Amino acid sequence: QVRLVESGGGSVQAGGSLRLSCTPPENIFSRSHIGWFRQAPGKEREFVSAISWSTGTTYYADSVKGRFTISRDNAKNTGYLQMNSLKPEDTAVYYCAARDSYGSNRSTLTTLGSYNYWGQGTQVTVSS
């Protein structure tokens, strides 16, 4: 089973920053849309951000817009989620996902079930 490798989680105070990284296998990354989701205790997994590999279009949940930035470095086969101005409500396990199928509109990339591959998750804890 293909797994994505995530890193960069940790504990920070409110207002701080973290950068998450996601490294899928090279043969998947080069043709995959990348998404980030998160799951807080007792809540369902929710969409955070996504980037299309074909157009570079980015999408964000309203709760993180203006604070988080998604990007990808094709030379390093790595996707990133830069998280600034973190709030306690951002505390969750963050998951990277990859979709290697056609279709990258907003409706598709913001839907959990659209992704073929997932990482193991990385914990982000923001204290007040």
Side-chain angles (χ1 to χ4, degrees):
Q1 183 179 2
V2 176
R3 275 291 199 180
L4 312 184
V5 178
E6 300 151 344
S7 62
S11 298
V12 295
Q13 290 190 328
S17 298
L18 286 172
R19 188 177 77 162
L20 307 183
S21 300
C22 173
T23 306
E26 182 177 350
N27 63 319
I28 292 174
F29 179 85
S30 62
R31 63 176 192 276
S32 292
H33 314 294
I34 301 296
W36 289 93
F37 292 76
R38 67 185 181 186
Q39 188 167 18
K43 295 187 176 181
E44 294 187 350
R45 196 172 299 189
E46 64 176 6
F47 169 76
V48 176
S49 184
I51 183 168
S52 167
W53 78 264
S54 52
T55 65
T57 304
T58 58
Y59 304 98
Y60 296 95
D62 288 343
S63 59
V64 306
K65 200 172 295 183
R67 299 188 297 122
F68 291 11
T69 302
I70 190 171
S71 63
R72 58 189 296 151
D73 185 333
N74 292 334
K76 296 182 178 180
N77 295 322
T78 301
Y80 301 100
L81 184 68
Q82 178 66 44
M83 307 185 295
N84 298 330
S85 302
L86 283 161
K87 303 176 181 180
E89 50 263 44
D90 294 319
T91 295
V93 177
Y94 283 70
Y95 296 89
C96 175
R99 167 181 170 84
D100 63 355
S101 303
Y102 286 108
S104 63
N105 59 26
R106 179 178 182 81
S107 177
T108 298
L109 294 190
T110 59
T111 301
L112 189 149
S114 297
Y115 292 85
N116 312 83
Y117 309 101
W118 289 86
Q120 79 285 355
T122 185
Q123 177 71 46
V124 171
T125 302
V126 185
S127 58
S128 57

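The residues of the chain are indexed from 1 along the displayed sequence. Just so you know, these numbers come straight off a predicted model, no measurement behind them.
Under a hydrophobic-cluster definition in which Ile, Leu, Val, Met, Phe, Trp and Tyr are linked whenever side-chain heavy atoms come within less than 4.5 Å, directly or via other members, Val93 and Leu81 are assigned to different clusters. Linking Ile, Leu, Val, Met, Phe, Trp and Tyr residues whenever their side-chain heavy atoms come within less than 4.5 Å places Val12 and Trp36 in a single cluster. A continuous path of ILVMFWY side-chain contacts below 4.5 Å connects Val126 to Met83, so both sit in one hydrophobic cluster. Under a hydrophobic clustering in which Ile, Leu, Val, Met, Phe, Trp and Tyr are joined whenever their side-chain heavy atoms come within less than 4.5 Å, directly or via other members, Val48 and Trp53 fall into different clusters. The hydrophobic clustering, which links ILVMFWY residues whose side-chain heavy atoms are closer than 4.5 Å, places Leu109 and Ile70 apart.
Taking CD of Gln123 as the reference point, atom CD of Gln39 lies at 11.0 Å (rounded to 0.5 Å). Rounding to the nearest 0.5 angstrom, the gap separating the OG atom in Ser32 from the CZ atom in Arg72 is 7.5 Å. Of the inter-residue distances, the one linking Arg106 atom CZ with Thr58 atom OG1 reads 9.5 Å to the nearest 0.5 angstrom. Residue Ser49 holds its OG atom at 12.0 Å from CZ of Arg67, rounded to the nearest 0.5 Å. Atom-to-atom distance recorded for Tyr60:OH and Ile51:CD1 is 7.0 Å, nearest 0.5 angstrom. To the nearest 0.5 Å, atom OG1 of residue Thr110 and atom CG of residue Asn105 are 8.0 Å apart.
Nearest heavy-atom pair across Thr78 and Ser21 is CG2-CB, 4.1 Å. Between Ser54 and His33 the shortest heavy-atom distance is OG-CE1, 3.9 Å. Of all non-hydrogen atoms in Gln120 and Val5, the two that sit nearest each other are OE1-CA, 4.3 Å. Nearest heavy atom pair, residue Arg3 against residue Gly119, reads NH1-O, 3.2 Å. Tyr115 and Ile34 make their closest contact through CE2-C, 4.2 Å (heavy atoms, listed as atom of the first residue, atom of the second, distance). Listed here is the closest heavy atom pair of Leu18 and Gly8: CD2-O, 3.8 Å.
For the residue pair Asn84/Ser17, the side-chain donor-acceptor check at 3.5 Å is satisfied. Using a 3.5 Å distance cut-off with no hydrogens or angles, the side chains of Arg38 and Tyr94 do pair a donor with an acceptor.
Side chain of Tyr95 to backbone of Glu6: no donor-acceptor contact under 3.5 angstrom is found. Under the 3.5 Å distance criterion, the side-chain polar atoms of Thr111 are left unmatched by any main-chain donor or acceptor of Ser114. Using modelled atom types, no side-chain atom of Gln13 and backbone atom of Ser127 make a donor-acceptor pair closer than 3.5 Å.
A cation-pi arrangement is present between Arg19 and Tyr80, with the terminal nitrogen or guanidinium carbon under 6.0 Å from the aromatic centre and inside a 45° cone about the axis.
Asp90 has no carboxylate O lying under 4.0 Å from a charged side-chain N of Lys87, or vice versa, which leaves the two without a salt bridge.
Other residues, nucleotides and ligands contribute at most 12 non-hydrogen atoms within 6.0 Å of the NZ atom of Lys43.
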How far apart are the C-alpha atoms of Ser101 and Asn116, what are their side-chain angles, what is the distance that settles it, and do they pass the side-chain contact (heavy atoms from CB on, under 4.5 Å) test? CA-CA 8 Å; Ser101 303; Asn116 312 83; 3.9 Å; yes
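Note: Phe37 and Trp118 have tilted aromatic rings, judged against thresholds of 30 and 60 degrees for the angle between ring planes.
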